[in-house]
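Accompanying notes for the structure given below.
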Amino acid sequence: MNIIEYLTDIGFPPTTPDGPCGSLRGPCPLCGEGHDRLAVWENGGFYCRRCEVKGNFAKLLELTEGLSPTEARERVQTYRQKTVTHTQPEIDLMPNEILDRNKWRASVLDLIEETEEELAHSPEALDFLYQERGLNDSTIRQHRLGLVREYQRLWRSDFGLKPSYLRQDGKEVWKVAVSEGITIPHRLRPEGVISLTVRCWDAAYGRYRSLPGSRLEAMCIAGSGTEFEGVVAVVESPLCAMKLNQDTGVTVIALGGVHTTLGEEVVSTLESAEKIILIMDDDAAGFEAAESYQIAFPQAVSCPVPRGKDVTEAWQAGLDLKQYMRAAVSRADRVLSARRSDHKVTMEPIQSVMASQDDSAEDTASLIPAPVFVSSEPDTATLAAPVVTPAQLSGARGYRYITDPSEAKTAVLEMVQGNDLLAIDIETAPHPDYPDHAKAGLSPTLSRIRLVQLAGRCGDALLIDAFACSGELTDILDPLCTHKLVAHNAVFEMAHLTHVGMAVGIMECTMLMWNALKNETIRERSPGDPKSMALSLKSVLWRALSVEVSKALQKSDWSRPVLEPEQLQYAADDVLHLVRLHDVLLNRLRMDRSEAVYQRMRNCQPTIVSLQQGFPFDGEVHKQMIEEWRAEAGPLEKQVRSVMGDDINLNSKHQLDAFFRANVPAESIAAWPTTSKGLLSTTEETLEANADLDVVAPLLRLRKLEKRISTYGEKMAAFVDPVTGRLMANFHLTGAVTGRMSSSQPGFQNMPRGDFRKIFTGGTGMVIAADFSQIELRVAAEMSKDRAMRQAFRDGVDIHQSTASRILGVDMAKVDEQSRQMAKVISFGTLYGQSGEGLRTYARDFGVEMTAVEARQFQKRFFAAYPQLRSWREDIRKGARRKESVHTKGGRVRTFKGKETSIFPKSLNTPVQGTAGEIQLRALTLVEQELSRFEDARIVNAVHDEIVVIAREEDADAVARLLQECMTRAFLEMFPDAPTMGLVECGVGENWAEAK
DNA sequence: TAAATATGCGCC
DNA sequence: AAACGGCGCATTTTTA
């Protein structure tokens with residue numbers, strides 16, 4: 001109990017907030033009247049403006065209860081003990097704000113660590129603390145100051161706060177705002193953190209903002225050294241307190257804002273102090289606060305800094321804080337002795353006390369340690385990319401167009417000798433035999449090289465007319481094979497040069513560099529310029545170098561025998577900036593520690609070149625298949641139309657919606673899932689749920705066939721290379737935000753399973769298919785270091801069977817197939833953040849009925865079985881929430897844009913899927929290298945965790961071993977301690993279907 | 001009329 | 001409040 005509660009108890013509750021130190025006003029028990037004449041401070045001080053009585057809690061008890069001074073002091077002690085046991089939880093828990101204080105503390109601690117890290121890497125913010133606040137590194141670390149670099153909005157519930165509250169304007173608020181600025185944690189030990197305050201950069205948010213749920217209490221910084229023992233300084237701002245404590249070693253209390261309370265630690269520090277130096281701000285509020293403190297604490301003496309508003313300003317103006325403290329203490333001594341002898345004293349200004357003091361010179365020297373910049377940034381000396389002078393950049397760079405082969409040969413040699421790194425670009429024209437093929441001009445077999453452009457760091461570009469030099473082109477370009485080259489989308493250049501018989505090595509690629517830096521994919525539009533693609537040379541040049549190039553002529557006629565000057569200048573522009581772009585991006589990659597991400601993709605480029613040479617394809621069998629699909633679909637369509645109407649378009653969502661609404665009972669419609677636009681969903685899943693309708697089964701079958709015909713029929717066959725007869729697809733190293741590859745035209749990664757894959761053959765040889773078994777779960781096990789899951793893999797048991805036995809608590813041997821399926825579903829869903837409801841609906845597809853509550857029970861058991869997996873997941877989730885990004889083991893960073901909703905599942909999935917993708921990339925690189933030992937052997941497909949290779953029949957077994965070995969090696973490079981039993985499964989067959 | 005969105009489904 | 005991820009492709013429907 002404190003003085004306020006006491007007054008309330010005896011019927012004089014002080015309820016009106018007042019003043020800067022948390023004082024309250026209420027009626028006075030001594031003069032008995034009024035409603036606001038008595039001012040009380042939580043620390044125990046009171047003052048009645050009517051009866052002009054003032055003092056502390058004990059004094060009040062003397063007067064109201066008629067106690068002697070000794071009795072009154074004892075009574076205060078007993079009250080205070082009650083305070084400890086009784087009011088502590090009340091203060092600690094803010095029922096309207098915090099539901100779970102432990103959660104709040106844990107999250108705030110995470111936030112503190114995060115912001116500390118941020119501050120350590122922010123020279124500007126450190127500079128602010130060094131230069132403007134005079135703090136040194138040791139102080140910054142001691143108080144665990146941090147930095148919020150960007151304004152953040154975080155879920156309230158993640159802090160254990162009430163998930164939402166109704167703002168005055170009626171809007172429901174779900175998030176807390178964390179402003180940009182310096183974070184100041186308070187009282188980290190032993191009770192844990194009680195508040196986190198941000199000193200905002202943007203004054204529009206006020207100077208200080210506290211995280212909701214903070215218990216705002218004055219901060220106490222314990223003194224060090226002996227000079228000011230027994231002295232306590234009181235200031236307003238925490239940063240002033242830190243500065244004063246740092247420079248003088250005095251114990252300092254920072255009051256904070258008007259809403260702070262003093263807290264036990266502070267009160268006892270003040271009570272036991274011999275002298276209290278009040279250094280309030282030089283304003284009205286500060287003056288009043290000083291008054292009230294002098295009433296509550298007899299040993300307190302007001303002693304504002306002589307210049308400036310507060311300690312920091314005075315220090316900025318040149319005040320030596322140690323000298324000042326000495327003067328203040330000496331002044332306080334005189335004031336206090338005068339008070340004890342009840343003499344009136346005239347307050348001397350602090351300046352004159354300081355002037356009269358005989359200070360020794362050595363004490364004033366170097367009070368402020370020189371700032372030490374601690375940084376984990378890489379040594380810039382090792383990063384130095386070749387420097388380009390402005391003169392070189394601004395100098396006019398044109399082109400030299402060569403049509404004569406021997407002249408070209410000399411020029412290329414000169415280029416190679418004069419440049420350590422050469423930029424290369426190729427323009428192609430459709431091959432005249434196949435002008436209408438979908439990939440004419442793109443695929444090497446369907447194209448002719450029209451122009452080769454080369455450029456160094458400076459000087460003109462070299463344009464070699466490949467038509468004019470045809471026949472000697474490889475000879476001319478031969479010196480490039482052993483030279484370091486850079487291109488944008490270098491796979492294209494590598495593929496075309498390889499196709500004309502050149503043994504080109506791995507090129508540097510600025511497109512892959514940009515992807516490693518920004519994680520933008522091949523499909524994304526350029527931010528700020530929706531017309532261009534994010535990874536296009538135009539977009540990257542603009543964003544990285546502020547260089548603008550036109551792409552208007554990219555699709556001009558490159559087949560004509562004589563190229564126009566405009567075309568030539570366009571072609572030159574494409575290479576002229578490439579070397580500088582490479583240098584700049586490489587530097588940025590190193591600064592971001594993303595070079596490995598880039599290199600992993602770069603080294604995989606030869607694999608892509610191989611992959612894009614196509615998969616041997618049995619066109620005859622394919623045609624038969626299409627016939628069979630049509631044969632089955634025809635009657636089926638008749639049957640469906642006889643029910644649904646001859647004119648119905650079975651692909652139209654509206655017409656299907658209308659049909660079902662008209663033919664299904666109202667109660668079924670009510671329970672029928674809808675799409676986001678309110679139409680009845682007609683997915684396979686929902687239709688099967690209404691399978692009692694006779695038309696459903698044939699409709700679903702028809703849909704399957706239509707899908708086959710439209711996507712996997714003649715349209716797909718159009719991608720067969722007329723020269724080689726192989727089916728050619730595109731592969732993209734930058735196809736997915738997670739770092740997985742993607743494939744298109746046609747998508748090789750979504751070919752229907754089963755007999756369909758018989759059309760993919762080994763040509764004259766065999767097909768060997770190898771896949772990583774349970775790669776994502778293995779990755780999750782390794783990244784989380786979950787003991788139980790790793791052990792299961794080490795034992796080589798079936799992971800889903802093992803999980804089932806753990807979840808259901810039965811022996812491994814007794815796990816039936818259904819339980820195993822369940823475990824599988826629970827594992828993947830739960831791992832990636834599936835809800836209980838989501839699991840319930842998903843499980844229904846597997847014929848397992850459960851309620852959402854039961855589903856959550858399963859998820860709980862899953863986490864109980866794999867506890868480290870659970871905490872690892874939590875860490876990711878928290879990190880994703882704060883930084884709005886997650887990263888893979890290989891270093892790829894995925895950032896969630898502000899507008900993105902529901903990042904939770906993505907943030908859990910990305911590290912796992914992405915790391916698995918990185919292992920696959922490395923495996924593909926190794927396989928491509930090793931496969932060169934075998935004649936006619938080539939990688940023909942790569943499906944996320946599967947690698948498909950063709951090889952001669954006599955080599956098949958050796959190639960299978962090779963695959964096994966390379967894939968295992970790739971996995972171990974990422975996770976050296978990981979168990980590899982059963983990691984790679986491999987099959988051989990005449991075609992892809994049989995190789996499984 | 002062309003581009004963007006919506007829906008469903010093929011794969012891992 | 002709300003939640004399993006990543007893709008590509010065909011077709012319909014809406015929007016600019």
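Both backbone and side-chain heavy atoms feed into the values below; hydrogens, waters and symmetry mates do not. The sequence lines fix the lettering, A, B, ..., with proteins before strands; numbering per chain opens at 1. It should be emphasised that the depicted structure is a prediction, and the values quoted were computed from it without experimental measurement.
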Between [X] and [N], is there a side-chain N or O to OP1/OP2 distance below 4.0 Å?
X: S681(A); N: dT7(B); value: no
X: S744(A); N: dC7(C); value: no
X: N649(A); N: dT12(C); value: yes
X: K704(A); N: dG8(B); value: no
X: S652(A); N: dT12(C); value: no
X: S743(A); N: dG8(C); value: no
X: K715(A); N: dT11(C); value: yes
X: T711(A); N: dC9(B); value: no

Is [X] touching bases, backbone alone, or none of the nucleic acid, heavy atoms closer than 4.0 Å?
X: T910(A); value: nothing
X: E706(A); value: nothing
X: V737(A); value: sugar-phosphate
X: G838(A); value: nothing

Gap between atoms [atom1] and [atom2], on [X] and [N] respectively (whole Å):
X: E684(A); N: dT7(B); atom1: CD; atom2: P; value: 18 Å
X: F904(A); N: dA3(C); atom1: CZ; atom2: C1'; value: 7 Å
X: L650(A); N: dT7(B); atom1: CG; atom2: P; value: 18 Å
X: D657(A); N: dT12(C); atom1: CG; atom2: C1'; value: 14 Å

Exercise. Does a side chain donor of either Y866(A) or T803(A) reach within less than 3.5 Å of an acceptor in the other side chain?
Worked result: yes
Problem set entry | Within the 6.0 Å centroid threshold, strictly below: F748(A) and F760(A) | yes
Exercise. Are F862(A) and F858(A) close enough that their ring centers fall under 6.0 Å?
Worked result: no
Please measure how far the [atom1] atom in [N] lies from the corresponding atom in [M], and state the result in whole Å.
N: dC11(B); M: dA3(C); atom1: P; answer: 26 Å
N: dG8(B); M: dA2(C); atom1: C1'; answer: 24 Å
N: dA10(C); M: dA4(B); atom1: C1'; answer: 15 Å

For this session: Record whether the side chain of R703(A) comes under 3.5 Å of the base of dC9(B) through a donor-acceptor pair of N or O atoms.
Result: no
Problem set entry | Expected output: side-chain Q749(A) to main-chain A942(A) donor-acceptor under 3.5 Å | yes
Seminar exercise, completed: pair_partner(dT5(B)), Watson-Crick or wobble, both distances < 3.5 Å, evaluates to none
Problem set entry | CG-CH2 distance between L705(A) and W629(A), expressed to the nearest 0.5 angstrom | 9.0 Å
For this session: Nearest 0.5 Å please: distance from the CG atom of N515(A) over to the CG atom of L733(A).
Result: 8.5 Å
Seminar exercise, completed: Taking dT13(C), dC12(B), dG8(B) as options, the one with an atom nearest any side-chain atom of R753(A) is dC12(B)
